[in-house]
Every structure is written in C-alpha cells, then in structure tokens.
Amino acid sequence: MKIEQIYTGCLAQGAYYIVSNGEAAIIDPLRETQPYIERLQKDNVTLKYIFETHFHADFVSGHVDLSQKTEAKIVYGPTANPVFEAIIAEDGQVFEIGNIKIKVLHTPGHTMESSTYLLIDENGKETAIFSGDTLFLGDVGRPDLAQKAANMSQEDLAGLLYDSLQNKIMPLSDDITVYPAHGAGSACGKNMQKETVDTLGNQKKTNYALNQPNKEAFIKAVTEGLLPPPAYFEMNVAMNKKGYENFDEVLNNGLKALSAEEFEDIAESSEALILDTRSAADFAKGFIPQSINIGLNGDFAPWVGALVRDVRQPILLVTDKGNEEEAVTRLSRVGFDHILGHLENGFETWKNSGKEIDTVNRISAEQFSSEYYEDIKILDVRKESEFEAEHVQNAYSRPLAYINDWINDVDSGEPFYIHCAGGYRSMMAASILQARGYRNFSEVEGGFNAISKTEIPKTDFVCPSKKMQL
C-alpha cells in the first residue's frame with residue numbers, strides 16, 4: 001500500500017493518491033489531471049475511484065475530467081446531488097481498492113454531504129482518515145458556507161459538525177493518521193496548524209474545537225470570528241456540482257499568444273480584465289494602463305478569487321515569459337476559465353510597441369519616513385489581525401480583501417500613502433486604485449517590514465496569541 005499526499009501550497013490544499021495491488025484511488029484532486037495520469041502510468045495501476053469529501057468551495061476539483069479520462073467512478077457521501085454521474089455512497093459503505101478498503105463516514109456540518117474516508121489496511125487495521133473539511137489540524141471546517149443550500153443557520157450546521165466529530169471521529173483510535181483537505185492559509189478555517197499530517201490522538205489533545213466542554217461551547221467557538229467567505233466560493237461549488245469546461249480547452253485558449261495590437265483590440269472589444277502577474281517591483285516600473293497586478297509568486301489564485309469575484313470575467317494575461325501555462329493553470333483551479341490569451345513575450349512586447357505605459361509612485365520606507373507628519377493619511381491594507389498586532393500610529397485599517405467596499409470612501413483629492421507587510425498586497429491595491437482613477441497616493445516599498453525599521457511612530461506590539469487569550 002502507498003499513500004501520497006499531493007500538497008499545493010498556493011492553495012493550501014491536499015489531494016491524496018492511494019495505491020494497493022494494481023488499483024488506485026484519488027481523493028479531492030486538483031483541476032489539472034495530467035500529474036495524476038502520469039503517476040498512474042508510472043505505477044502501472046488502474047484508477048478505480050475518485051473520492052470527493054464534499055462540494056469544494058475554494059477550488060475546482062479535477063474529478064469530472066479525471067473520470068472522463070480514466071473511467072474511474074466518482075464517489076460522494078450521502079445527500080450529494082451532482083448533475084453528472086456519480087456513486088452516492090451510504091454511511092458506512094465500504095469500497096475496495098486492491099487489498100485495502102475505504103469506509104465512508106458521513107460527517108455533515110461543514111456541508112451536508114461532507115464525508116470522511118476511513119482507510120482500512122491489508123491487515124484489517126483502521127489506519128488513516130481523509131477528513132476533507134470536517135477536521136483540520138488545529139481546527140474544523142467553517143459551518144457558514146452551506147447555510148443557503150441546507151436552509152440552516154451557521155449555528156445549526158455547527159451543531160451538526162459537533163455531532164459528526166463526537167460520534168464518528170472522536171471514537172477512532174489515537175494512532176490513526178489524519179490527512180486533511182487543507183492547511184494553514186486556507187479560507188476554509190481560521191486556526192489551522194502549519195503541519196499537513198498528524199495523528200488523531202494529538203489532535204484530540206491540541207485542537208481547540210475538539211476540547212470544548214459541551215455542544216454549546218463548541219458552536220460558539222467555531223462560529224466566533226469567521227470572516228466573510230470570498231465571493232467566488234459559491235461559484236466554485238456550482239462548478240464542482242454541475243461540471244465545467246475541459247481543462248485542456250481552457251489551457252489551449254489561455255496559451256494563445258497575442259501581439260500588442262491583438263491584445264489591445266481584444267481588451268477594448270471584450271471588456272476583458274488585464275491581469276498582470278509579474279512581481280510588484282516590475283509592475284511598479286511600467287504596465288499597461290488599467291491592468292490589475294496580482295503576482296504569480298504569492299497566493300495568486302485565492303487573491304484573484306477574492307478581488308475579481310466573478311469567475312465568468314474574461315481575462316487577458318501579462319506574465320513573465322515562460323509563466324503563461326502556470327498562470328492559466330492556477331486561474332483554472334479556482335474556476336477562472338475565460339482566459340482569452342496572453343501578451344506574447346510579456347510586457348516587453350507592449351513596451352517595444354510604443355503604446356502608452358503607466359507606473360505606480362512607489363517610494364522607499366526611508367522616503368516615507370522623511371515625508372511623515374502627524375496628520376498624514378495612511379491606509380494599511382494588511383489583515384485586521386496584523387493591524388491590531390502593530391501599526392503606524394493614526395493609520396487606517398483598510399484590508400485588501402475588502403477594497404471593493406471601501407474604495408469609494410477614499411478622497412480622490414487628499415494625498416495618502418498605502419502599505420501592506422512587504423509590498424505584495426499593497427501593489428494589488430495600488431493597481432486597483434489607479435484603474436479606478438486615483439493618482440494621489442504613494443505605495444511604500446517593503447511595507448510594514450521596512451517601515452518598522454524607521455523612526456516612524458508605531459503602536460506597541462501585541463502578540464496575536466496573547467490577544468486571543470485576553
């Protein structure tokens with residue numbers, strides 16, 4: 001038997017590849033299927049089942065394409081109702097893969113169809129659970145995403161989740177390995193550990209959600225402090241439930257190379273979003289007017305989903321040469337399939353064409369310090385928790401994730417400064433501001449990390465962990 005965790009850091013997502021005696025199963029695959037096909041061919045095994053722990057909200061699964069290419073059966077837990085053909089398992093149903101077995105444990109709460117898959121090895125020993133979004137390391141799945149579909153409140157769903165954990169997960173042996181669907185950085189939980197594999201026994205000791213004294217305390221603990229889910233979540237659920245365009249076609253469309261003239265014509269005729277995936281430093285020096293910068297070397301796909309919101313938005317790509325396929329792939333993982341092409345050979349093509357170029361007024365932390373005065377207007381686009389831990393005195397907390405809510409309140413005539421922690425997020429904000437017509441600001445290179453080394457007055461540091469205990 002072989003179990004391989006295929007972890008994708010930029011999505012904080014774990015897929016699982018299981019092999020036993022010539023047969024294989026894959027749990028929660030990513031959108032692009034070729035890496036799985038190659039594994040199957042290398043191991044000379046047949047994919048028998050594709051197990052889905054639930055209808056994912058934060059990414060588009062590869063289950064439909066993978067099933068079409070391999071003829072493997074898609075398996076969901078009880079109550080699931082996908083449009084495509086799938087096995088809707090019963091609670092306790094057992095599936096055989098080679099010499100091992102996978103037992104379905106229906107664990108509703110995160111969603112109604114959520115299920116945990118219990119692996120039973122060749123010797124009949126319960127060895128591991130693939131817990132999806134039911135149980136994370138350090139946390140449990142948020143119970144607010146399925147309210148509309150279930151016609152239930154988040155408190156009702158949290159109560160179901162408590163019952164699932166107490167009745168299905170907690171009675172299992174402490175030495176069972178826990179393989180969750182997500183790790184730290186995912187928007188599907190709020191308190192996940194950085195590790196991606198653990199024992200159930202250790203989670204029973206360390207996971208705050210598993211250590212609540214009663215159901216009422218559990219409901220309060222897991223619903224407290226939940227941030228609004230990104231707008232694209234609901235659209236991803238629909239794609240996972242109803243199916244989607246073949247990934248190979250999406251990739252072919254996105255890899256269409258466009259000249260500067262073709263790029264400009266399509267941008268003007270299609271209302272496409274120009275998405276520039278280069279680094280913040282390169283973007284600041286020059287970019288196509290109205291472009292939005294979301295750097296590929298970061299949490300690219302989640303930020304696209306958070307800021308663009310509508311997965312049906314047509315997109316034109318500007319990337320560093322050679323990064324086109326990576327950008328298209330990562331966009332497709334969160335459902336952005338309408339990619340019309342990319343600028344051939346990147347921004348240099350546009351620059352060499354003599355067409356109009358825009359820039360961002362990016363200044364150093366030292367220059368910011370020299371321009372600082374008591375009533376200066378500063379927008380800190382970090383998360384609220386980062387701001388509360390420490391910030392420049394008199395700065396305003398304006399998290400990037402909510403820029404579409406606060407941008408209209410910004411005075412277009414009053415000069416201001418923006419920063420994040422290191423420059424990645426503030427350049428996104430700068431690009432959006434300029435696309436909306438704001439020119440009266442400076443973006444601080446290096447963000448708060450650089451600002452903290454200057455003499456600019458800052459609030460006293462408050463450790464986030466200590467703050468939670470107060």
Does the side chain of [X] pick up a donor-acceptor pair with the side chain of [Y] at under 3.5 Å?
X: N81; Y: K241; answer: yes
X: T111; Y: S114; answer: yes
X: S153; Y: Q147; answer: no
X: N361; Y: S442; answer: yes
X: D358; Y: Q434; answer: yes
X: T134; Y: T107; answer: yes
X: E52; Y: S61; answer: yes
X: S426; Y: E443; answer: yes

Hey, could you give me each pair passing salt bridge (Lys or Arg N to Asp or Glu O under 4.0 Å) that has a residue in residues 296-306? Not counting sequence neighbours.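 For residues 296-306, and leaving out neighbouring residues, there are no salt bridge (Lys or Arg N to Asp or Glu O under 4.0 Å) pairs at all.
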Would the distance check show the side chain of [X] and the main-chain N or O of [Y] forming a donor-acceptor pair, the cut-off being under 3.5 Å?
X: T70; Y: L66; result: yes
X: N207; Y: D139; result: yes
X: S431; Y: N293; result: yes
X: Y244; Y: V64; result: yes
X: E386; Y: K383; result: yes
X: N240; Y: N236; result: yes
X: S332; Y: T329; result: yes
X: Y117; Y: G132; result: no

Applying ring-ring contact (aromatic ring centres under 6.0 Å, His included), name anything that partners [X], two or more places apart in sequence or on another chain.
X: F130; result: Y16, Y179
X: H54; result: H56, H110
X: Y208; result: none

Summary of ring-ring contact (aromatic ring centres under 6.0 Å, His included) pairs that have at least one residue in residues 255-291, sequence neighbours excluded: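 Of all non-adjacent pairs touching residues 255-291, those that pass ring-ring contact (aromatic ring centres under 6.0 Å, His included) are F283-F287.
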Does any pair with a residue in residues 376-413 pass ring-ring contact (aromatic ring centres under 6.0 Å, His included), and if so which ones, sequence neighbours excluded? F387-H391
For Y36 and Y17: C-alpha separation, side-chain torsions, deciding distance, then whether ring-ring contact (aromatic ring centres under 6.0 Å, His included) applies. CA-CA 8 Å; Y36 307 117; Y17 173 65; 7.9 Å; no
Stepwise side-chain hydrogen bond (donor to acceptor under 3.5 Å, both in side chains) test for S397 and D380: CA-CA 5 Å; S397 176; D380 185 332; over 6 Å; no
Could [X] and [Y] be called an ion pair, given the rule that one side-chain N must be under 4.0 Å from one carboxylate O?
X: R330; Y: E326; result: yes
X: R398; Y: D405; result: no
X: E344; Y: K321; result: no
X: E234; Y: K148; result: yes
X: E390; Y: K458; result: no
X: K215; Y: D163; result: yes
X: R39; Y: E4; result: yes

Distance under 6.0 Å and angle within 45° of the ring axis: does R333 meet both against F300?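 No.
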Is R278 positioned over the aromatic face of F347, cation under 6.0 angstrom from the ring centre and no more than 45 degrees off axis?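 Yes - R278 lies over the ring of F347, closer than 6.0 Å to its centre and within 45° of its axis.
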Go through the steps to decide whether F55 and Y76 satisfy the test ring-ring contact (aromatic ring centres under 6.0 Å, His included), and finish with yes or no. CA-CA 9 Å; F55 291 122; Y76 277 98; 4.6 Å; yes
Should the pair F336 and Y232 be assigned to parallel (<30°), tilted (30 to 60°) or perpendicular (>60°) ring geometry? tilted
Centroid-centroid distance, Y417 to F368, less than 6.0 Å: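 Yes, close enough.
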Got a sec: does the NZ of K69 have more than 12 other heavy atoms crowding it under 6.0 Å? yes
Kindly give the heavy-atom pair with the smallest separation between L11 and V334, and that separation in Å.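 Where L11 meets V334 most closely, the heavy atoms are CD2-CG1, 4.0 Å.
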